[in-house]
Amino acid sequence: MSFPLLTATAALPALGAVATAAVPAARRTAAKWLALLVSLATLALAVTTLVRFDPGGDRYQLTESHPWIAAFGVRYELGVDGIAVALLALTALLIPFVILAGWHDADPLETGSKRWRPTQGFFALILAVEAMVIISFEATDVFLFYIFFEAMLIPMYFLIGGFGDRAHEHGDEAAATQRSYAAVKFLLYNLVGGLIMLAAVIGLYVVAGNFSLAEIAQARANGSLHMATNTERWLFLGFFFAFAVKAPLWPLHTWLPNAMGEATAPVAVLITAVVDKVGTFAMLRFCLQLFPEASKWATPVILVLAVISIIYGALLAVGQRDIKRLVAYASISHFGFIILGIFAMTSQGQSGATLYMVNHGISTAALMLVAGFLISRRGSRLIADYGGVQKVAPVLAGTFLIGGLATLSLPGLAPFVSEFLVLVGTFSRYPAIGIIATFGIVLAALYTLVLYQRTMTGPVKPEVATMPDLRPRELLVVAPLIVLLIFLGVYPKPVTDIVNPSVKQTLSDVHKKDPKPSVEAAK
């Protein structure tokens, strides 16, 4: 029996979460180091998975399959394709930075204070989320995926509701109420989506007789499993609704600005750069593969919703006064691009969407974490409370600028390539949709550059005159992300080589081919 690499990659952070939570309360620093070491070991396993994955090999690799609930046909089945392995690597890469960035976010508020903060619990919850997200990317049994798709809501609820910006926690009952509201809203939205998906999962079992993704897809392909048109459409809607909430897609997006605004910056990164990717990933893995005809039937409406997300999210980002809510609305716009690429049903669009998931994770992490460092210094999330920061903290301002330029998809930085591929793939099949989506780029430039201008340039405000620049720990967090943004912006081939074969197989599932050019090349 070969080493169960995928199980180990998910199990290590789960066991690390238990061990971190068990560290005595008096040894908070030991708990932090334990969580960091576990996350680095998980990254090593993820890199091993990436190295062992063969893009030209079988669709699902490093597979594991064991009986679980035999009476209902539920199996413990794992496997990764190119899309899953890229997102697994992204998750494992970001978690150590999240832990380092949040190193002091769960420390006691005051020396000798009786208001104890569960430091060990904070880092244990981060590792628990990592474990559940990783196994969600690996699961090829629909029921197994559903369990962890829903279970990750629990640690996220406590991370949002139990930990907030330290500047707002010194006896501020209103801030605690807002945090609780954001956590409950996050939980309710996602639970409703999950319950609708549960009904669809049960319906899928009634129709197919098992939960194995590979077996159901194969049975559909060879004609041994036939779904009535209405049945397939209802099942598709049940799955898609849950994924659209998680993504988040307009109009199911309203929980995200609250959650990101009230959470600490590292937890906000965990939400939008890690957890939300499960929704868009699942659209590719489950919606398109299990319900190809229904996916094509729903495409026009989904494309319209995606374009609304792009423009609506960008417009609201322009009008924001809160730095973290601005990044949240920008993320809604970016997820619109990802969903647009998925349902454009072209190889360029889906390749761009997958690459966008990776690049958005890196760029949003860089921007939000630097924003978190900025907010922790000033004690305010309001844009108007800043000015002239680049004169007193030039390194902080410079990294903030690079993160912002990546967010607006500046050529030479990673998100540009993915956004370009999405738009090219959309233009080739839906030119009108592509033209409208392009306005999202203009708005992105507006909200990003205005944010930088108002916070970093101009006269130095007295409140920021003594602001320290980035410290070594903070540089250790930001510098690798900046390097990745530049590297993947110049040379995205390592990621595209991994995801492209899986994208072609996904297009084959929905019986779609790239449209031929409308104008033949001159001879």
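We're numbering straight along the sequence, starting at 1.
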Check: Can you tell if the side chain of L78 reaches within under 4.5 Å of the side chain of L144, non-hydrogen atoms only?
Finding: yes
Check: More than 12 foreign heavy atoms under 6.0 Å from CZ of F158: is that the case here?
Finding: no
Next item on the list: Could you check if a side-chain atom of M467 sits within less than 4.5 angstrom of a side-chain atom of L374, using non-hydrogen atoms only?
Entry: yes
Next item on the list: Could you tell me whether the side chains of Q289 and T506 share a donor-acceptor contact shorter than 3.5 Å?
Entry: no
Note to self: Quick check for you: to the nearest 0.5 Å, what is the distance between L198 atom CG and I202 atom CD1?
What the structure shows: 4.0 Å
Notebook entry, point to check: Taking the inter-plane angle between the rings of Y356 and H360 on a 0 to 90° scale, is it parallel (under 30°), tilted (30 to 60°) or perpendicular (over 60°)?
Noted result: tilted
Check: Is it the case that K32 places NZ or CZ above or below the six-membered ring of F123, under 6.0 angstrom from the centre and within 45 degrees of the axis?
Finding: no
Next item on the list: Could you please spell out the steps behind the ring pair (Phe, Tyr, Trp, His ring centres under 6.0 Å) verdict for F239 and F291?
Entry: CA-CA 10 Å; F239 277 77; F291 315 110; 5.3 Å; yes
Notebook entry, point to check: Does E419 reach the side chain of N359, with side-chain heavy atoms less than 4.5 Å apart?
Noted result: no
Margin query: If you take the centroid of each ring, where Trp contributes its six-membered ring, are Y205 and F211 closer together than 6.0 Å?
Written below: yes
Notebook entry, point to check: Could you walk me through whether R75 and D141 pass the salt bridge (Lys or Arg N to Asp or Glu O under 4.0 Å) check?
Noted result: CA-CA 6 Å; R75 298 183 62 83; D141 181 278; over 6 Å; no
Check: Does a salt bridge link E262 with R381, judged by any charged N lying under 4.0 Å from a carboxylate O?
Finding: yes
Margin query: Quick one, E77 with S212, criterion side-chain hydrogen bond (donor to acceptor under 3.5 Å, both in side chains). Give me CA distance, side-chain angles, the key distance, then yes/no.
Written below: CA-CA 8 Å; E77 285 189 348; S212 173; 3.2 Å; yes
Check: Can you find a side-chain donor-acceptor pair between Y312 and S333 that sits under 3.5 Å?
Finding: no
Item checked: Rounded distance [0.5 Å steps], CD1 in I271 versus CE in M368 -> 8.5 Å
Check: Could you go step by step and tell me if Y76 and T7 meet the side-chain hydrogen bond (donor to acceptor under 3.5 Å, both in side chains) rule?
Finding: CA-CA 10 Å; Y76 176 79; T7 293; 2.7 Å; yes
Margin query: Once salt bridge (charged side-chain N to carboxylate O under 4.0 Å, His left out) is applied, do any residues pair with R471, and if so which ones, sequence neighbours excluded?
Written below: E474
Next item on the list: Could you tell me how the ring of F145 sits relative to the ring of F243: parallel (under 30°), tilted (30 to 60°) or perpendicular (over 60°)?
Entry: perpendicular
